[in-house]
Amino acid sequence: MNLKGKDYIETQDWTKAEIEHLLDLADKLKDDFKNGRPTPLLPNQTAFLLFFDKSTRTRNAFEAGATQLAAHAHFLDSSATQISHGETPKDTGIILGSMGHGICIRHDLIPGAGNSYMREVADATDVPVINMQCDIDHPTQTLADLQTIREIFGKNLKGRKIVVSWAFAPSYAKPLSVPQGLITLMPRFGLDVTLVHPPEYKLMPKCMEDARNNAKEAGTKFELTDDMDAAFEGADILYPKSWGAFDLMSQRLELKTQKQLADNEAACLELNAKYKSWICDERRMKLAKKEAVYMHCLPADRGNEVTDAVIDGPQSVVFPEAENRLHTAKAIMASVMRERPF
Ligand code: CP
């Protein structure tokens, strides 16, 4: 399968067979990594990593992954570039594309901004653009999640139930892209999805529509509720995490000053605080199947989204899940980046 030059912006843009290819390659690269076999698949290539937000896992998966593929990942903090003086996505795309072999972008905190920024960059360059998290999807995270789920439950996931649940967090208004990425991707791979959240925490209408259509096409279930306990019942996979209220976060597109943005963040956190009881604890874990696993993309707000007993307990798979960010990032880069035709 030749995926060279293909952008990886949303899993919705990729066929199931193409995603299967990435998963198989990630499994192989993981085995190579564990057994000390070198994988110099991208010699002398450069991946630019452009961040509009903070990161631990994603940045390090891409930087370490590029090194392990014999490439170089070049970190760019958007605030230290001319983007902060208004340089356009088109100009940035043309310039970075002329100097390297891939452009990876994280732009996730403003609904309506990140995905469209990435697509403008992609339109301006022939090198592939990889989404390291936007306002709509976090497709490198959900690929790692799917790799982890298949390692635990096998490739036939038919009849297995994943619960994508809102959870309380006081730290910051987290992007919507992880739950949105999960509800759209997982039904395509056989999982029944239950989405549960308080009324103010609706996801983007287009993602809900994609999730419904994907489930229908795959013959899987997509259900929505506001009862966290009821949702947990009979689940195989629990994925409780926080996200910000869409209606409030959407206002950011029009906000100009740091003070306005800080006030918006405070309003998001004030609303979150209405739902402090939305925590994944040992009582709730018992509502799911005995062999159910706890997942989280991390960072988790310990003591708020989840208790230490759960995240450090025997059902938690968060650390293997985080490690799989490396193997899947390598599979994506190795599949889409290519030698430049000089
Ligand atoms: N899960 C995830 O994307 O982690 P980082 O924000 O640390 O990259």
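Note that the structure is predicted; figures quoted are calculated from it, not measured. Whatever order the structure lists ligands and atoms in, that order sets their numbers, starting from 1.
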Aromatic ring proximity Tyr294/Tyr239, centre distance under 6.0 Å: no
Minimum-distance protein heavy atom relative to atom 7 (O) of ligand 1: Thr56 N, 2.6 Å
Test: Lys286 and Glu282 ion pair at under 4.0 Å: no
Ligand 1-proximal atoms of Leu298, by part, heavy-atom distance under 4.0 Å: backbone
N/O separation below 3.5 Å, Cys297 to ligand 1: yes
Arg325 neighbourhood, listing ligand 1 atoms whose heavy-atom distance to it stays under 4.0 Å: 1 (N), 2 (C), 3 (O)
Stacked cation flag Lys241 on Trp166, 6.0 angstrom / 45 deg: no
NZ/NE/NH1/NH2 to OD/OE distance under 4.0 Å, Arg150 and Glu20: yes
Per atom 6 (O) of ligand 1, closest listed option by heavy atom (Arg57, Arg106, Gln133): Arg106
Contacting atoms of ligand 1, where contact means under 4.0 angstrom from a heavy atom of His138: 2 (C), 3 (O)
Sub-6.0 Å ring centroid separation between Phe168 and Trp278: no
